[in-house]
There are 2 protein chains.
Amino acid sequence: MTQHCYDYPHPAVTTDIALFTIRDERLAVLLVRRAGEPFKGCWALPGGFVEPNECLEDGALRELAEETGVTGVYLEQLYTFGKPDRDPRERIISVAYYALAPSELLTPVAGSDAADVAWFDLDALPSLAFDHAEVIALAQQRLRAKLDYSTVAFGFMQPEFTLGELQKVYETIRGEALDKRNFRKHMLALDLLAETGTSRRVGNHRPAKLYRVAHPGAVLYIK
Amino acid sequence: MTQHCYDYPHPAVTTDIALFTIRDERLAVLLVRRAGEPFKGCWALPGGFVEPNECLEDGALRELAEETGVTGVYLEQLYTFGKPDRDPRERIISVAYYALAPSELLTPVAGSDAADVAWFDLDALPSLAFDHAEVIALAQQRLRAKLDYSTVAFGFMQPEFTLGELQKVYETIRGEALDKRNFRKHMLALDLLAETGTSRRVGNHRPAKLYRVAHPGAVLYIK
DNA sequence: TTGACATAGTGTTGTTGCAACACTATCTTG
DNA sequence: CAAGATAGTGTTGCAACAACACTATGTCAA
């Protein structure tokens, strides 16, 4: 293998991705079981080294796809972790991202660098490699904060969804029940949702109107 | 000089610091004139390569001190910039920080790597090296956003300050005048300020009571 | 000494946004 | 056709916020 040499020491740079979804009305994060050292056999966030010619965000998406088979998610930079001793091998600086996806669309499969892939409820995390517990905690905090002044929650929704489903997502992330009438008022007042005209029949009760995001990618911040 | 070699290519990692202050009721940022290539003679944010054994934040503070002589500022991570071609020399990933300081305490002096140091009003920036214009724009956006739900503004204040001075800071960052009575009500309601008991005589008018932050470092987020 | 000037300091009121609250509608299933 | 389950819909009280004007206390100059 060819060597890559520099006049000054260079740290390695990785991306790590905390991909959240909601399963069974619980917030869950996607973890991979590490196939190699260090922390072999330990659960960790998907991620890996940034390639020389890709930007950080592309690297994050590539690693996520390679290790878990997941594509097409909402992705946002979270924080960069750089304590000198956070990796026992060498100095590794990690640019952490968090991502959101509707679990229905996802079929994670273990990739080359991962022995296994699985969803974990956030309140039942296993022991994690590196400082990944810290990363996840920060991501959850950010997610909760953005719920109030942005439309991140839409990242968990399928293309068409009911107001009841959307409310469940908000309730899950905030960890508390919300008033149905107030919730609908707020949401519809944002002028971000459009009725599809169809409705979804599920369970032995009245079908719910389906909505979609009216201006996809347009408005992300509220007010 | 000894070479540092790795099996895989490693990017270089730098920190860049956007240090803001308020001068003459205008928001200003500290820039250095680059002493070396690339962009020699061009204005840029202070910053530089991260040392092998320092964490990112320490690196940012060290570079700021080395290039500008400035120490003891409020510092917070902003964003990590990593487009592959953002530096013509090699792949360089920059972890950007923003910092706040009261201008009265600062006496920036050009350091080893900088030919010159100067404050620039944000509405009169020169042409900047690398993607530093983008960094500054993002930092300003973040600063404005945090003004509403945090106490970042205190980062611009001297240890003792009047409510009038504090209001001027808010008005400068938001770019609009605020109602004096409402502003004082809000601020005092936070229970973060304590009267020093003394007052400051300046100009031909009634002296103003001096305040200090009541619980330094304690509460950073409002409600 | 006094009047002009400049900022410090202080409460009330109307409005608006938000939270609390219960019933009817529509479908499925037994 | 009755029971059960979620969909869908308005009003009211309250609290937070915005709008608004005058007095207080100092300096300075005539």
Side-chain angles (χ1 to χ4, degrees), chain A residues 22 24-25 104 144-145 147-151 153 157-158 160-212 221-223, chain B residues 22 24-25 104 144-145 147-151 153 157-158 160-212 221-223:
Chain A
I22 290 178
D24 301 327
E25 304 186 15
E104 297 84 357
R144 216 178 272 198
L147 203 63
D148 289 327
Y149 62 90
S150 81
T151 57
M157 307 314 292
Q158 292 181 276
E160 301 196 345
F161 52 89
T162 71
L163 286 177
E165 290 164 356
L166 185 61
Q167 182 174 348
K168 281 266 163 59
V169 167
Y170 272 83
E171 288 177 335
T172 299
I173 299 172
R174 299 185 45 152
E176 59 180 359
L178 298 173
D179 180 86
K180 197 206 294 190
R181 280 167 294 190
N182 291 336
F183 180 80
R184 285 161 183 255
K185 241 178 301 174
H186 291 314
M187 278 301 150
L188 295 175
L190 294 180
D191 257 345
L192 291 175
L193 298 180
E195 294 186 19
T196 64
T198 56
S199 53
R200 174 179 294 164
R201 218 176 6 248
V202 54
N204 53 339
H205 54 81
R206 176 175 177 175
K209 283 185 190 172
L210 285 172
Y211 291 82
R212 56 178 175 76
Y221 283 88
I222 298 172
K223 264 181 240 166
Chain B
I22 291 178
D24 300 327
E25 302 186 18
E104 297 84 356
R144 217 178 273 198
L147 202 62
D148 288 328
Y149 62 90
S150 82
T151 56
M157 308 313 293
Q158 293 182 278
E160 303 196 345
F161 53 88
T162 71
L163 286 177
E165 291 163 357
L166 185 61
Q167 182 174 349
K168 280 267 165 57
V169 167
Y170 272 82
E171 288 177 335
T172 299
I173 300 172
R174 299 187 44 154
E176 59 180 0
L178 298 173
D179 180 86
K180 198 206 295 189
R181 279 167 294 187
N182 290 337
F183 180 81
R184 284 160 184 256
K185 242 179 297 173
H186 291 314
M187 278 302 151
L188 295 175
L190 295 179
D191 257 344
L192 291 175
L193 298 181
E195 294 187 19
T196 64
T198 55
S199 53
R200 174 179 295 165
R201 216 178 5 249
V202 54
N204 52 338
H205 54 82
R206 176 175 177 176
K209 282 184 191 172
L210 285 171
Y211 291 83
R212 55 177 177 77
Y221 283 89
I222 299 173
K223 259 179 240 166

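Please read these numbers as outputs of a predicted model, since none were measured by experiment. Letters go in sequence order (proteins before strands), and every chain restarts at 1.
The shortest heavy-atom contact between L178(A) and Q167(A) is O-NE2, 2.9 Å. Between E195(A) and Y211(A), the closest heavy-atom pair is CG-CE2, 3.4 Å. L193(B) and M187(B) make their closest contact through CD1-CB, 4.3 Å (heavy atoms, listed as atom of the first residue, atom of the second, distance).
A straight line from NZ of K185(A) to C1' of dT16(C) spans 13 Å, rounded to a whole angstrom. Spacing between atom CE of M187(A) and atom C1' of dG8(D) amounts to 17 Å, rounded to whole angstrom units. Separating the CG atom of L188(B) from the C1' atom of dG9(C) is a distance of 11 Å, rounded to the nearest angstrom. Atom pair E176(B):CD and dA19(D):C1' shows a separation of 14 Å (rounding to whole Å applied). To the nearest angstrom, P of dA18(D) lies 14 Å from OH of Y170(B). As a whole-Å value, the separation of Q167(A) CD from dG8(D) C1' is 12 Å. In this structure, L166(B) atom CG and dA8(C) atom P are separated by 12 Å, rounded to whole Å. Atom pair Y149(B):OH and dA16(D):P shows a separation of 22 Å (rounding to whole Å applied).
Rounding to the nearest 0.5 Å places CG of L163(B) at 7.0 Å from CZ of F183(B). In this structure, OH in Y170(B) is found 10.5 Å from NE2 in H186(B), a value given to the nearest 0.5 Å.
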All N/O pairs under 3.5 Å across the protein-nucleotides 3-6 of chain D interface:
| unit_1 | atom_1 | unit_2 | atom_2 | d |
| --- | --- | --- | --- | --- |
| dG4(D) | N2 | N204(A) | O | 2.4 |
| dT6(D) | O4' | H205(A) | ND1 | 3.4 |

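Between R184(B) and the phosphate of dG9(C), there is a side-chain N or O to OP1/OP2 separation shorter than 4.0 Å.
Evaluation of atom-type donor-acceptor distances gives a pair under 3.5 Å for the side chain of R181(B) against the base of dA21(D).
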task: Evaluate the criterion side-chain contact (heavy atoms from CB on, under 4.5 Å) for residue pair E160(A) and T198(A); output intermediate values, then yes/no.
output: CA-CA 10 Å; E160(A) 301 196 345; T198(A) 56; 4.1 Å; yes
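Counting only distance, with no hydrogens or angles, the side chain of E165(B) and the backbone of M157(B) share no donor-acceptor pair below 3.5 Å.
Residue N182(B) is the one, among N182(B) and D179(A), whose nearest nucleotide of DNA chain C lies closer to the 5' end (criterion: closest heavy atom).
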